[in-house]
Amino acid sequence: MAVRPGLWPALLGMVLTVWLLGSGAQQSATVANPVPGANPDLLPHFLVEPEDVYIVKNKPVLLVCKAMPATQIFFKCNGEWVRQVDHVIERSTDDGSGLPAMEVRINVSRQQVEKVFGLEEYWCQCVAWSSSGTTKSQKAYIRIAYLRKNFEQEPLAKEVSLEQGIVLPCRPPEGIPPAEVEWLRNEDLVDPSLDPNVYITREHSLVVRQARLADTANYTCVAKNIVARRRSASAAVIVYVNGGWSTWTEWSVCSASCGRGWQKRSRSCTNPAPLNGGAFCEGQNVQKTACATLCPVDGSWSPWSKWSACGLDCTHWRSRECSDPAPRNGGEECRGADLDTRNCTSDLCVHTASGPEDVALYVGLIAVAVCLLLLLLVLILVYCRKKEGLDSDVADSSILTSGFQPVSIKPSKADNPHLLTIQPDLSTTTTTCQGSLCPRQDGPSPKFQLANGHLLSPLGGGRHTLHHSSPTSEAEDFVSRLSTQNYFRSLPRGTSNMTYGTFNFLGGRLMIPNTGISLLIPPDAIPRGKIYEIYLTLHKPEDVRLPLAGCQTLLSPIVSCGPPGVLLTRPVILAMDHCGEPCPESWSLRLKKQSCEGSWEDVLHLGEEAPSHLYYCQLEAGACYVFTEQLGRFALVGEALSVAATKRLKLLLFAPVACTSLEYNIRVYCLHDTHDALKEVVQLEKQLGGQLIQEPRVLHFKDSYHNLRLSIHDVPSSLWKSKLLVSYQEIPFYHIWNGTQQYLHCTFTLERVSPSTSDLACKVWVWQVEGDGQSFNINFNITKDTRFAELLALESEGGVPALVGPSAFKIPFLIRQKIITSLDPPCSRGADWRTLAQKLHLDSHLSFFASKPSPTAMILNLWEARHFPNGNLSQLAAAVAGLGQPDAGLFTVSEAEC
């Protein structure tokens, strides 16, 4: 075929272009190849270039390219020219410049792309020619679009608390083009632009900054591209709320309108209420406490008085008062008249004017009355002067003790040469005592009831003379003599719960046997030149009204030591048992003291003692030692801070020694784990003819408001029959927790099938609901088994209730003085009282010891109180010897300076 001469340059340009395309060109940018010497402005430039496209399913894609000026335009795909028949070419002329323009279109099918799949990407490029050269367009990549079905990571269900952060991860399926991710909450689109609490990370995770209740929902991750839309499995997110207690309500009205009852308060788990499976509130929703309401007492008339003398108006009268008893606590007043007037002449009275003879009679009567009055005054003056003469020489020391007479200290026996007998110096000048003494309570009483007031009588605020007379009477005479006095009403009758003695500056010790109660009077606690009559008394809780508020409970016996108001120069140490399990996190312990007015005051909060305080306490597992410079009535009270607070209960099982009937009673006592409570029960059972049938055990009773239950099991039905009609007996929580009720017990009554039955085997269970419990296995012969009787044999503590002088102390007086002189001065090498306190495990009280004139004396006094009468002097000697003092043998401490 002949070619026109004018077409050769164009064909030559096409050949060059083909060569250039074969030599490799840029992949995406437009590339121009001008002909040498040609006008570069006439090179083709692309008005439309092919773009990347995706083949969806089997639909072919269309590529478009347009260039100007252009004489030829074709597509080349993956380095090969597309056939001319596959091109659709349109020619046009630009209206503005008049230059020729060409537009070309081709279709690319899925099969064409799949031929090179896996080898390289499929691409197409447009090439345009003009007289000035060629120009190549950017490459357009054709890819097959897809989206796999399975997510690489799906969100998982979660439970989170309120205001906690939430992160839900999502990794969409593989796809081309890469899938876009969106989140649905209960099928509603989550739009972070509308909710600032939510955002989506670059890794497509959904993040909730602070969980709200409204965020409880089903969350779905959605991935989509031009091919498909995939949904992940839904993840359930639950936002839960833990319950919180509301504030306590006010205490309810006391259940008893008269006397002792209960009142309660409550709270609800609504602040907030638990939601979506949140935890319920811990603890009790109801608190109960004992209360007492004063009973109204209606007034009643006293007996009528005698009739008065007949008056001038011929009447006489009599009166009565509304005081037997007087109305109180809202009781009604007496009804009727308090004055009765009647005619005294049977209505025959005639009123006449008084004559001269009546005037003379009246004058004579007045004169006689005046003479009698003068005579009475003279007698009173004579009596008072005689009494003052006696008082100037001899004054009874009972003015200090308000009725205590001097007490004799028995002479030392041959087997006890250390018992000191004090013979008061009658030549000593009369001394005086100042201080406020408490008012006594007068008035007869058939019983010696313990009142709220103190033990002693008022003597005013002035100065009182004391006389040191010699001892003259025995203990029983002392009590029997004083029991008839009004001021002795608050002391218990008998001597088993009281001891007393006469002491001077040498000190001594008082003990109530078998109670764990003692009073140590250190040397020099009583000023030199004075002798005091001191007593120590154990009170029954039901005889002394000790007010307990809220969750407070009595942990120790109520003990009095006196007389109050005496002058002490050193602290004495009062030792008494307690039944609390000491734990600072569970208890708030307070020492209470009764004031002269009868009210109880907190004088010491254990754990918050000030070194300079008048009171201090060393608390141990079963006993407390109270340092005090003021005598009075004391009790240790605890307030539970949590349900972990526990009291120790002693469980005792008693039964009759002899069984004369078919019935047999087993008494289970639940009492405070203190020696005094044990002593009272043992003495009571001796009177009842009981014996111990099992070894005592201890139960820890919690402040959980749950009652104590007791039951009996495994009773052989062929030999015995239980008369218990219910599965268990119960002692209310507050009867045990307030600590003021004695002899708490339950009785299990068994009946023998035959009088010859003597063997008993059963089990007794004692437990607190949701708390501690104990089980007793009973297996004994009721007629002859006494193997447990010796367990509770009361032993004498020290033999003598009152010890005076050196016999009251384990450490000899001179050795004690040497130790004090040696260890009181500070020592740079640490060989002083501080190291001794550490060795005796008393280093927690260093600040208290340091506040006293002699710290070593305080340490030795506490050692004496804790270890009498069975203290090991060898251990104390080893502690002193370990201080490194010169010549530190067995208390042979040198007085040399450190």
Residues L339 and S319: closest non-hydrogen pair is CD1-CB, 4.1 Å
Looking at C310, is its backbone amide N or carbonyl O close enough to the side chain of W317 to form a donor-acceptor pair, meaning the two atoms are under 3.5 Å apart? no
Under 4.5 Å between any side-chain heavy atoms of V253 and Q263, yes or no? no
Given K650 and H672, is the side-chain hydrogen bond (donor to acceptor under 3.5 Å, both in side chains) satisfied, shown in steps? CA-CA 6 Å; K650 181 81 77 175; H672 285 175; over 6 Å; no
Is the F627 to Y615 ring centre distance short of 6.0 Å? no
For R265, is there any backbone N or O sitting under 3.5 Å from a side-chain donor or acceptor partner on S252? no
Using ring centroids (six-membered ring only for Trp), state whether F733 and Y705 fall under 6.0 Å. yes
Please tell me if the side chains of W307 and R342 come closer than 4.5 Å, counting only heavy atoms from C-beta onward. yes
Value for CD1 (I517) from CE (M498), rounded to nearest 0.5 Å, stands at 13.5 Å
Is there side-chain contact between L652 and L678, with heavy atoms separated by less than 4.5 Å? yes
Taking the side chain from Y532 and the backbone from L567, do they hold a donor-acceptor pair closer than 3.5 Å? yes
Audit row: C291, C254, disulfide bond (SG atoms under 2.5 Å apart) steps and yes/no: CA-CA 6 Å; C291 59; C254 193; 1.9 Å; yes
Under 3.5 Å, side chain of S302 to main-chain N/O of E321, donor-acceptor pair present? yes
Do side-chain atoms of N504 reach the backbone of I531 as a donor and acceptor pair under 3.5 angstrom? no
Can you check whether V559 reaches T537 side chain to side chain, under 4.5 Å on heavy atoms? no
Given the rule in the side-chain hydrogen bond (donor to acceptor under 3.5 Å, both in side chains) test, do N665 and T749 qualify, once you have shown the distances and angles that lead to the verdict? CA-CA 5 Å; N665 295 324; T749 302; 3.0 Å; yes
Are the side chain of S518 and the backbone of L510 linked by a donor-acceptor contact shorter than 3.5 Å? no
Is the charged tip of K264 near the ring of W251: under 6.0 Å from the six-membered ring centre and within 45° of its axis? no
Hey, are R570 and E629 close enough for a salt bridge, meaning a charged N less than 4.0 Å from a carboxylate O? no
With the threshold set at 4.0 Å, does a side-chain nitrogen-carboxylate oxygen contact exist between R320 and D338? no
Quick one: does S556's side chain have a donor or acceptor within less than 3.5 Å of a partner on A635's backbone? no
Mind listing the closest non-hydrogen atom pair of V572 and L631 along with its distance? CG2-CD2, 3.8 Å
Which residue, V603, D602, L604, forms the side-chain contact (heavy atoms from CB on, under 4.5 Å) with K593? V603
Considering residues, nucleotides and ligands other than R328, do more than 12 of their heavy atoms fall under 6.0 Å from its CZ? no
D703 side chain to A640 main-chain N or O, any donor-acceptor pair under 3.5 Å? no
In this structure, which one of L589, L636, L554 forms a side-chain contact (heavy atoms from CB on, under 4.5 Å) with H578? L636
